[in-house]
Amino acid sequence: MEVIMSQQPEERYEDTLLYRIRHSAAHVMAQAVLDFYPGARYTIGPPVENGFYYDFELPEPIKEDDLEKIEKRMRQIIAGGHPFVKKVLSADEARQVFKEQPYKLELIEGLEQGGFDEYGNPLEEKPEISIYQHDSFTDLCRGPHVESTRQINPSAVKLMSIAGAYWRGDEHNPMLTRIYGTAWSTSKELEEYLHMLEEAKARDHRKLGKELEIFFYEDEVGPGLPLWLPRGAVIIDELEALAKEMEDKAGYVRVRTPHLTKEDLFVRSGHLPYYAESMYPPMEIEGIKYYVKPMNCPMHHKIFSSKPRSYRDLPVRLAEYGTCYRYEKSGELFGLMRVRSMQMNDAHIYCSEDQFEQEFMGVIDLYKKYFDLFGIGKYSMRFSLHGKAGLGKKYVDNERLWLKTEEMVRRAMQNGGVPFVEAQDEAAFYGPKIDVQIWSAIGKEFTLATNQVDFAVPERFDLVFMNRDGVEETPLCIHRAPLSTHERMIGFLIEHYAGAFPVWLSPEHVRVIPITDNQNAYGAAIVAQLREQGIRASVDISSQRMNAKIREAQLMKVPYMLVVGENEASAGMVSLRVRDGSRQDNIPLAEFITRARERISTRSAQL
RNA sequence: GCCCACGUAGCUCAGUCGGUAGAGCACACCCUUGGUAAGGGUGUGGUCAUGGGUUCAAUUCCCAUCGUGGGCUCCA
């Protein structure tokens, strides 16, 4: 299992030639843009993964079609072989250079005070102020750059897209125009990159989800509210069966809770004070406000407190595949990965402090089992901590407990030997968490699974258990969702498997393909036998030729095709064609059933 | 929510520099009954996202709304 962690790579990206090429290409692009839009104000233009961008405030809107001419101008500039010249300046000198560039003046201010670097990141030390100049373009910049524009390969640079971006990433600031570009050492690398993007599109869950009839969206239903088709519902059922099986073994019990709750509950839980932005507005019935739940925890807390608990009862592990609704801004929605209605693989573990480590790591173990099963190798465990500035706003205001629980988590993870990266200001409002970060086919990062500590809410709910000494004690609560939500998990799995699910997860295990209509009845009989054995099967009795039927089954990525013609029917056999193209002709149905049942029951990755 | 782009048949897409639209697949019917990724023919199907405006005339131009996409912000 490959774990992406706080690795010490041989060479930091910042130190590579490619980084300098991209950084320099950003400057060249800025020059080209300024040539076309002399009134433009320019801000920052750093290298990023696979390329670079530059943010501008433009006097007029720019169109995708304009990228071509900018690219052309860039090539001219590159061909000029202009050296990149660095100059260190005083703040006042810098202000003189950029006197007509308000964004640059703001950056100089930050540099002078030592608070921020040119990208707005906080800095420890007061940096030197430098500019880089090439041809007619001068930028406030700490570098590094290539020596000459000639070191940028003009046939390995491409402008990709235009996007909006807030100045300094703050939505209260003006919206700038961002131009993304990509740059490589050779045109071959560029081509490979573009090819990779094409391939990523092919496994995009939004495309495959439609083609494989897993889910869809309907305008009249609403954005972010997916409709699961029968094939998608099968996957959901399989995941739930898996979760139940694993959770049963791990000592969870299942509960069920309503989708709606009175306002008071969410006031008590802290959702309304801290999480209201993500909640749907209330509805009023008989003078009482009700909210659709964004999380299941408050109800689970009520179940915990529904009777007196002894330390002997702990840990109590309440599990529910609860359906939650969150208001996500329209522009944030993304296929199945970011939705407004979601079903969470939720559970709350109530435990004493001395049980915490074991319980917390028990959840991490569960992750690992799932990830092994799915063959998920590329992920990162992110330890999400609170941010001091958010205390009392997005985080429960109790710094002492934040620090204490964060230390508990850190220690548990270290003792368990699980690698992780720490992330400031990413916690839940009620406590720190371990998030499992994954990447969608097109490279967006998402939190898949999550394991969260809650030190705040049990107290708000007066949750207690009687300890050994006969004294009431507040339990800790662990919120966890190893299988994420059905939406995000299945979105991820579609991409992970490129739609070719392992047999157990395949919406259709077997497609029976009669060669002629004469075998339709035989095919139907086989389907009946397969279903009897718990195998999901259907028979294709369309008027198409066998070749077309096979093609269709292949396109739907059905793992097993059973071709039955005259020979099979008369001998009571089947001919197996596996999704990978391999074949076993004229085998007894029972032999196939044994194979299929073995693959399904063991949730095998093998076909 | 913000910036930009897009929205034509169930799906994937052409097209109209303003004169009410076309292909392939899918679907229906007919012919074909065919051994491992598309047999042939005929036909059905669109108020060109929705609502306004300009115009003799709007699917095409303009505005608004809804939705989708690329980003930003935000997140399971």
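Letters A, B, ... mirror the listed sequences (proteins, then strands); counts begin at 1.
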Write down the distance between CG (A:Leu212) and P (B:A26), rounded to a whole number of angstrom. 17 Å
Runs of at least three Watson-Crick or G-U pairs with RNA chain B, cut-off 3.5 Å: B:1-7 with B:66-72, B:10-13 with B:22-25, B:27-31 with B:39-43, B:49-53 with B:61-65
The criterion is side chain to side chain contact (heavy atoms under 4.5 Å, CB included); which residues satisfy it with A:Val292, sequence neighbours excluded? A:Leu260, A:Met283, A:Tyr325
Mind checking salt bridge (charged side-chain N to carboxylate O under 4.0 Å, His left out) for A:Lys369 and listing every partner two or more places apart, or none if nothing turns up? none
Among all residues two or more places apart in sequence or in another chain, which pass the salt bridge (charged side-chain N to carboxylate O under 4.0 Å, His left out) test with A:Arg22? none
Pairs satisfying side chain to side chain donor-acceptor pair (under 3.5 Å), at least one member in residues 203-214 of chain A, at least two apart: A:Asp204-A:Arg206, A:His205-A:Glu495, A:Lys207-A:Glu211
A:His386: what forms a ring-ring contact (aromatic ring centres under 6.0 Å, His included) with it, not counting sequence neighbours? A:Trp402
Nucleotides 32-39 of chain B: protein proximity per nucleotide (B base, S sugar-phosphate only, - neither; heavy atom, under 4.0 Å): -BBBBBBB
Give me each pair satisfying side chain to side chain donor-acceptor pair (under 3.5 Å) with a member in residues 269-278 of chain A, each pair once, sequence neighbours excluded. A:Ser269-A:His271, A:Tyr275-A:Arg326
Treat primed atoms plus P, OP1 and OP2 as sugar-phosphate and everything else as base, then score nucleotides 67-76 of chain B 5' to 3': B for base contact with protein heavy atoms under 4.0 Å, S for sugar-phosphate contact only, - for none. SSSBBBBBBB
Please identify each residue that fulfils salt bridge (charged side-chain N to carboxylate O under 4.0 Å, His left out) with A:Glu406, with sequence neighbours left out. none
Residues two or more places apart in sequence or in another chain: which of them pass salt bridge (charged side-chain N to carboxylate O under 4.0 Å, His left out) with A:Asp55? A:Arg178
Check nucleotides 44-47 of chain B for protein N or O atoms closer than 3.5 Å to its own N or O atoms and list the pairs.
none

